[in-house]
Amino acid sequence: MALDPLLGRIRKPVRRRGAETYVLVTLLSFAASVGATRLFLDLTGYPQIASGELHIAHVLWGGLLLFSASLVVLIFANRWVYMLASGMAGAGVGLFIDEVGKFITQSNNYFHPLAAPIVYTFFLITVLIYLRLRRRPAFDARGELYLVLSELSEVLDHDLEPDEQAELEARLSVIADDGQSDNYSGLAQSLLAFLQSGDLQIAPERAGFLERVIDRIRRWEARWLPLRRLLAAMIGGLVALGLLALADFRELLLALGNPVRLEHMITTLLEVGRVSSSTGVFWFAARVTLEGTVGLLLLVAGLLMLLGLERAGINLGVIALLLSLAGVDVLVFYFEQFSTMLTAAVQFLLLLGLLRYRQRAVRIPSSAG
């Protein structure tokens with residue numbers, strides 16, 4: 001008696017080729033969308049597209065972009081469509097979530113303090129997804145064949161380059177020899193024979209847009225950011241951020257030792273609207289304390305690197321910056337709102353700089369040996 005055909009079907013999801021790149025494009029367009037929207041509205045005095053009872057909020061444009069992004073990937077099969085959809089989805093979700101304050105309050109308060117932390121937390125979650133996608137998945141013949149079949153669309157577009165052909169042949173050879181399934185091995189052998197038949201139209205080798213951008217960045221880095229200059233920039237950045245973070249913490253410590261000064265600080269916070277209750281004062285003190293702790297770590301990290309203890313300084317700096325980006329900045333966004341975007345961007349760039357310095361510093365001795 002034959003088994004139900006449905007029982008033999010495999011529903012396990014397979015990661016798409018280039019998924020991490022598509023998520024990165026979504027992240028960048030998301031950040032650009034929120035930042036550009038807030039900047040534009042601030043510079044123009046928050047204008048409204050309205051007529052009578054109607055008000056066309058930018059959440060609607062975000063929804064339209066999200067819907068369009070979903071449609072193009074459902075309608076078209078070309079690989080370039082995924083890059084287009086990634087940009088549209090990021091811009092759409094940025095416009096959509098920027099108005100989250102209106103939907104978490106009964107008064108439709110666009111400027112509610114919780115809006116900025118929610119947007120930032122949503123962005124951080126997407127960053128974590130991107131970092132997870134950067135890890136190489138375990139080998140799976142079925143997943144590899146999905147990837148190969150996706151890449152074969154280059155043959156249909158007459159865009160298969162020599163290095164892409166070599167990569168496909170290498171993948172198919174591994175699948176053919178793996179023996180996980182006769183079906184997989186047989187299909188891999190057939191595709192390998194097709195690629196090696198000599199009848200393919202091979203496109204000339206040319207660098208893609210991203211490759212050209214990366215090459216220009218590397219040439220600029222080699223010319224203007226030698227290792228010693230990059231080290232100086234990292235030390236200066238760590239010390240500067242550390243001192244800035246410690247400034248408010250110092251004021252809090254001085255106020256705690258002087259009741260009159262503490263009362264004046266609390267009164268000022270209430271008057272300028274940075275806090276609105278005793279609970280708000282508590283969270284503000286917690287924010288300043290956490291900022292000061294991270295600032296102290298950043299300062300120590302910079303001093304360690306200045307004294308030649310680069311490995312310890314870099315590790316401590318990376319930990320401090322991750323703590324700030326993933327934890328402290330959520331509280332800072334609550335009190336400072338979207339003006340914190342610039343500080344978070346500087347922290348992120350400094351984190352990338354530390355990781356890049358560590359990569360270059362480790363590579364130089366190994367190449368010399």
Side-chain angles (χ1 to χ4, degrees), residues 20-21 23-24 27-28 31 120 123-124 126-136 210-211 213-250 252-253 287-333 340-369:
E20 67 280 2
T21 302
V23 174
L24 177 61
L27 273 171
L28 294 176
Y120 183 67
F123 181 79
L124 281 182
T126 315
V127 169
L128 292 177
I129 295 173
Y130 167 70
L131 294 176
R132 181 64 182 85
L133 288 174
R134 285 185 54 126
R135 301 179 185 176
R136 187 179 183 86
L210 288 178
E211 292 174 337
V213 170
I214 292 173
D215 182 62
R216 289 182 180 179
I217 292 175
R218 285 176 176 169
R219 283 191 276 116
W220 180 89
E221 180 188 52
R223 179 178 180 182
W224 298 105
L225 274 182
L227 206 57
R228 187 177 296 274
R229 189 177 296 176
L230 179 58
L231 174 62
M234 293 302 97
I235 293 174
L238 288 170
V239 172
L241 280 182
L243 291 175
L244 286 174
L246 284 171
D248 285 343
F249 186 56
R250 174 180 173 275
L252 178 62
L253 290 178
R287 165 241 163 144
V288 172
T289 302
L290 291 173
E291 262 192 308
T293 303
V294 171
L296 183 61
L297 293 177
L298 291 172
L299 197 57
V300 172
L303 293 176
L304 287 174
M305 294 180 68
L306 185 62
L307 294 173
L309 302 173
E310 295 178 8
R311 184 182 296 274
I314 290 173
N315 291 338
L316 184 60
V318 168
I319 291 173
L321 289 169
L322 288 175
L323 285 173
S324 186
L325 287 165
V328 180
D329 283 354
V330 176
L331 272 176
V332 179
F333 266 98
T340 311
M341 289 178 64
L342 180 59
T343 304
V346 171
Q347 292 171 348
F348 182 69
L349 289 175
L350 188 57
L351 175 63
L352 293 181
L354 286 175
L355 296 176
R356 179 59 177 163
Y357 178 82
R358 182 166 63 185
Q359 181 185 41
R360 291 175 61 187
V362 167
R363 192 170 55 196
I364 287 177
S366 61
S367 62

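Counting begins at 1 with the first residue of the sequence.
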If I take atom CG from residue L297 and atom CG from residue L241, how far apart are they, to the nearest 0.5 angstrom?
12.5 Å
Contact between L298 and V294 at the side-chain level, heavy atoms closer than 4.5 Å - yes or no?
yes
Please round to the nearest 0.5 Å and tell me the distance separating atom CD1 of I314 and atom CD1 of I319.
12.0 Å
Measuring from R219:CZ to W224:CH2, what's the distance to the nearest 0.5 Å?
14.0 Å
Any L24 side-chain heavy atom under 4.5 Å of E20 side chain:
no
Shortest non-hydrogen contact from A301 toward G317:
CB-N, 3.6 Å
Give, for atom CG of L323 and atom OG1 of T293, the distance between the pair rounded to the nearest 0.5 Å.
9.5 Å
CZ (R356) and CD (Q359) are apart, to the nearest 0.5 Å, by 4.5 Å
Using side-chain heavy atoms (C-beta onward) and a distance below 4.5 Å, is L225 in contact with W220?
yes
List the steps and the verdict of side-chain contact (heavy atoms from CB on, under 4.5 Å) for T343 and F333.
CA-CA 10 Å; T343 304; F333 266 98; over 6 Å; no
Under a 3.5 Å distance rule, please check whether Y120 uses its side chain to pair with a backbone N or O of L325 as donor and acceptor.
yes
Checking side-chain contact (heavy atoms from CB on, under 4.5 Å) for the pair I235/L231: CA distance, chi angles, key distance, verdict?
CA-CA 6 Å; I235 293 174; L231 174 62; 4.0 Å; yes
From I129 CD1 over to L124 CG, what is the distance, rounded to the nearest 0.5 angstrom?
11.5 Å
Please give me the minimum heavy-atom distance between L230 and R360, naming the atom from each residue.
CD2-NH1, 3.7 Å
Given side-chain contact (heavy atoms from CB on, under 4.5 Å), test V328 with Q347 step by step and report yes or no.
CA-CA 12 Å; V328 180; Q347 292 171 348; over 6 Å; no
CA sep, side-chain torsions, deciding dist, call: L299, L238, side-chain contact (heavy atoms from CB on, under 4.5 Å):
CA-CA 6 Å; L299 197 57; L238 288 170; over 6 Å; no
Check whether more than 12 heavy atoms from other residues, nucleotides or ligands sit under 6.0 Å from atom CZ of F348, and answer yes or no.
no
